[in-house]
Amino acid sequence: PIHRTPYEHKTVWKFLKTIPDLTFQLNDKHLKTLSKTVFSETWLKGSTVVANDGFYVILKGLARPQTNVYKNLIEGSDSPDSFIPQSFHSFIWSEELKNASLAEMYLPSYDSMLSKWSTFGTLEVMPQNESETQMFSVVTEDDCEILKIPAKGYAKIKEEKIKLENMQKLKLIRMCPYYEEWPTLSIYELIALLKWKKFPPGHVIVESGNIISFVGYINSGCCNIYRSIIGFVKLRSNKVKRSQKLVYMGKLKEKESFGEISVLLQVPFTCTIITKKEVEMAIIEDKDLFDA
């Protein structure tokens, strides 16, 4: 890769954007970064390609999967088998394999052959002890040219992403009133608990009389604050009817927080908070706060 020109890097980037198994979970920026670590390998017929350290795309030739164990392309899926590249759709965990300490090697049928543009492997860096027991491998049926994306290249992307996200969270909390004088180390303890969440317009964040389940730090958008009051409405029959109304009291804007007292002291909110437009906020759930 270090010998490629900027034009050649751009060509590789455009090529990566044509691979569905990559574009399904990686954005253009990540693919552009990965394109600078990609290289091709030539494997002779009959070679075993162990794909524990990267994600592979067959450019030329045929290969046959050797195991029916497959690792997720990237982390963040709900289950280990929730995202499997198209090339591996026919390989399912069986009960026998789940109970075995080491998956038994086998050769699938010709229908399962991997051809040009087929993919296999993982972008997750595997621990040494795990990689020894879980081999994601294929056997080349021809002389093959295979594109390799090293898992370590993706690991660097994740590290950079975490750093930028933590800086964004730090800046958000620091700009909220009451946190301006907090020590940075204390804020970092909160950052470890924060999760991003979006709420649609008109969403009731918390109703008056209820204890909120999280502390919120508004990154974008705003919320209206209402106080619930009991009033009397005069009817045409000269009778009076009790009526409960929400009265607008104010607004929660960007770079403001709420919910700390309700969560920490477990006291009900005295007002109702409703999003005025789409709101993105960083939240700390009460269970995470109490477990910390």
Side-chain angles (χ1 to χ4, degrees), residues 1-77 80-91 105 107-108 110-126 128 130-131 134-161:
I2 61 173
H3 298 296
R4 286 202 292 263
T5 64
Y7 176 79
E8 289 169 333
H9 279 308
K10 188 174 182 179
T11 302
V12 175
W13 175 36
K14 287 182 178 179
F15 167 69
L16 294 182
K17 291 196 287 184
T18 67
I19 304 173
D21 292 339
L22 288 173
T23 57
F24 182 76
Q25 293 196 12
L26 298 176
N27 60 35
D28 279 357
K29 185 178 178 181
H30 290 165
L31 290 176
K32 188 174 184 179
T33 304
L34 284 178
S35 69
K36 297 175 182 178
T37 67
V38 167
F39 58 90
S40 65
E41 298 178 333
T42 300
W43 293 82
L44 299 178
K45 180 179 178 179
S47 300
T48 298
V49 184
V50 179
N52 287 20
D53 62 344
F55 189 70
Y56 293 73
V57 183
I58 297 178
L59 302 178
K60 186 177 73 173
L62 296 174
R64 192 187 296 272
Q66 200 173 21
T67 78
N68 67 344
V69 181
Y70 184 76
K71 179 78 171 176
N72 269 348
L73 176 64
I74 62 174
E75 288 180 347
S77 302
D81 304 311
S82 60
F83 176 69
I84 300 177
Q86 298 167 359
S87 316
F88 279 78
H89 279 171
S90 58
F91 308 116
M105 294 294 193
L107 292 177
Y110 185 83
D111 293 338
S112 303
M113 196 77 74
L114 303 181
S115 57
K116 187 176 181 180
W117 311 132
S118 295
T119 59
F120 60 96
T122 175
L123 280 179
E124 288 302 321
V125 177
M126 297 180 61
Q128 187 64 32
E130 186 178 341
S131 64
Q134 293 191 18
M135 295 175 62
F136 316 135
S137 59
V138 302
V139 175
T140 56
E141 295 289 313
D142 301 315
D143 291 347
C144 289
E145 185 177 353
I146 303 177
L147 192 77
K148 179 180 178 180
I149 304 174
K152 289 183 178 179
Y154 180 66
K156 290 181 180 179
I157 289 178
K158 287 208 305 181
E159 287 177 10
E160 188 63 28
K161 181 182 177 183

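Since the structure is predicted, the reported quantities are computational estimates derived from the model, not experimental observations.
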Does any non-hydrogen side-chain atom of E124 lie less than 4.5 Å from one of K158?
-> yes
To the nearest 0.5 Å, tell me how far K156 NZ sits from K36 NZ.
-> 12.5 Å
Between S115 and L62, what is the shortest heavy-atom contact and its length?
-> CB-CD2, 3.5 Å
For G61 and I58, which heavy atoms make the closest approach, and how far apart are they?
-> O-CG2, 3.5 Å
Heavy-atom closest pair, residues H3 and E8 = O-OE1, 4.2 Å
Roughly how far, to the nearest 0.5 Å, is the NZ atom of K60 from the CG atom of D142?
-> 9.5 Å
Passing option when L26 is tested against I19, L31, T33, L16 for side-chain contact (heavy atoms from CB on, under 4.5 Å) = L31
So with a 6.0 Å cut-off around NZ of K17, is the heavy-atom count from everything else above 12?
-> yes
Below 4.5 Å, heavy atoms only, C-beta onward: do T37 and Y154 meet side chain to side chain?
-> no
Straight-line distance of H30 NE2 to E160 CD, nearest 0.5 Å = 9.5 Å
Could you check whether the rings of Y56 and F120 sit parallel, tilted or perpendicular, using 30° and 60° as the cut-offs?
-> parallel
Taking only distance into account, with no hydrogens and no angle test, what donor-acceptor pairs under 3.5 Å do side-chain atoms of residues 39-47 form with protein atoms, sequence neighbours excluded?
unit_1	atom_1	unit_2	atom_2	d
E41	OE1	W43	NE1	3.0
S47	OG	L44	O	2.7

Which of V38, V12, T119 passes side-chain contact (heavy atoms from CB on, under 4.5 Å) with L147? It is V38
Within a strict 4.5 Å, meaning less than it, do heavy atoms of the L123 and L22 side chains meet?
-> yes
Separation between NZ of K32 and NE2 of H9, rounded to the nearest 0.5 Å | 11.0 Å
